[in-house]
Amino acid sequence: LEKLIADGRIHPARIDETVSRVEAEMETTIKEYGDQASFDVGVTDLHPQLLSLLGKLRFRSVGAQSVLQHSIETANICGMIAGELGINISMAKRAGLLHNIGKAVDHDTEGHHAVIAADLCRQYEEEEEIVNAIASQHVERLKEASILAIVLSSASTLSANRPGARKELLTSYIKRLERMEEIILAFPNVKKAYVLQSGRE
């Protein structure tokens with residue numbers, strides 16, 4: 001729309017031509033975002049299709065950060081935790097970078113984004129240990145998960161819940177928690193209510 005308005009010649013043929021040109025430019029831009037993310041984390045030899053999917057995450061956001069920013073941050077945290085635990089750092093970073101790649105296509109594909117991400121990684125021949133960690137990153141019973149899955153889940157949680165990751169003013173945050181407590185206190189026989197962990201409990 002910006003290109004058409006700047007040009008001033010808005011008619012059907014011009015629209016089609018501009019859409020085709022902008023789509024091609026966007027594909028290049030998306031690939032560059034994926035390449036840069038891979039470079040920044042130090043994860044090499046990713047399949048070109050995975051790089052393009054990574055780039056698409058730049059245009060999806062959660063709170064105050066894009067899903068791509070979250071993936072880069074998760075990869076770096078995975079690397080730090082892996083280093084402390086003495087497990088494979090590059091594998092941990094790779095899992096962290098790819099863990100949300102399913103969100104690039106989950107509007108077109110049915111299923112949980114972690115399962116979609118694992119399927120994509122398997123399709124593009126990522127190691128089975130990475131695929132399994134990504135698939136089980138949201139496992140409720142962590143005793144069934146691999147150490148890599150636990151590292152990945154921990155790193156993702158740390159990135160998502162750090163100060164500034166979620167865009168919410170303090171006043172609206174406090175009002176939301178107070179409202180949750182009011183709802184709970186409205187039940188008969190409930191004398192006290194305390195909302196914990198940003199309303200998760």
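Quick note: residue numbers are just sequence positions, from 1.
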Checking Gln123 against Asp119: is there a side-chain donor and acceptor pair closer than 3.5 Å?
no
Gap separating the CG atom of Leu51 from the OH atom of Tyr33, nearest 0.5 angstrom
15.0 Å
Is the closest side-chain donor-acceptor distance between Ser90 and Asn88 under 3.5 Å?
yes
As an exercise, state the distance from CG of Leu158 to OG1 of Thr74, rounded to the nearest 0.5 Å.
8.5 Å
Atom pair CD1 (Ile81) and CD1 (Ile150), whose distance is rounded to the nearest 0.5 Å:
11.0 Å
Please round to the nearest 0.5 Å and tell me the distance separating atom CD1 of Ile101 and atom OG of Ser71.
8.0 Å
Inspect the surroundings of CD in Glu181 and state if more than 12 heavy atoms from other residues, nucleotides or ligands are less than 6.0 Å away.
yes
What's the separation between atom NZ in Lys31 and atom CD in Glu27, rounded to the nearest 0.5 Å?
11.0 Å
Going by distance alone, is a donor N or O of one side chain under 3.5 Å from an acceptor N or O of the other, for His70 and Ser156?
yes
Lys/Arg-Asp/Glu bridge criterion (N-O < 4.0 Å) met for Glu178, Lys175
no
Using the rule given for side-chain contact (heavy atoms from CB on, under 4.5 Å), can you reason through Lys103 versus Lys56, listing the C-alpha separation, both sets of side-chain angles and the distance that settles it, and then say yes or no?
CA-CA 9 Å; Lys103 289 185 177 181; Lys56 285 183 179 182; over 6 Å; no
Measuring from atom CE of Met80 to atom NZ of Lys93, what distance do you get when rounded to the nearest 0.5 angstrom?
8.5 Å
Students often mix this up, so state it plainly: with edges at 30° and 60°, are the rings of His47 and Tyr124 parallel, tilted or perpendicular?
tilted
Decide side-chain contact (heavy atoms from CB on, under 4.5 Å) for Asp35 and Leu46; before the verdict, give the C-alpha distance in whole Å, the side-chain angles of both, and the deciding distance to 0.1 Å.
CA-CA 9 Å; Asp35 287 339; Leu46 283 175; over 6 Å; no
One thing to verify: whether Arg94 and Asp45 come together as a salt bridge, which I'm taking to mean a side-chain N less than 4.0 angstrom from a carboxylate O.
yes
Is it the case that one hydrophobic cluster holds both Ile116 and Ile130, taking links as side-chain heavy atoms less than 4.5 Å apart, direct or via other members?
yes
For Val115 and Ile134: C-alpha separation, side-chain torsions, deciding distance, then whether side-chain contact (heavy atoms from CB on, under 4.5 Å) applies.
CA-CA 8 Å; Val115 175; Ile134 290 170; over 6 Å; no
Take Asn132 and Ser146 through the test side-chain contact (heavy atoms from CB on, under 4.5 Å) and record every step on the way to the result.
CA-CA 8 Å; Asn132 290 335; Ser146 69; 5.7 Å; no
Taking atom CD as the centre, does Glu127 end up with more than 12 heavy-atom neighbours from other residues, nucleotides or ligands that are less than 6.0 angstrom away?
no
Give every residue pair that meets the salt bridge (Lys or Arg N to Asp or Glu O under 4.0 Å) criterion with at least one member in residues 145-160, sequence neighbours excluded.
none
Heavy-atom neighbours of Glu182 CD exceed 12 at 6.0 Å
yes
Tell me whether Ser159 contacts the main-chain N or O of Ala155 through its side chain, where contact means a donor paired with an acceptor under 3.5 Å.
no
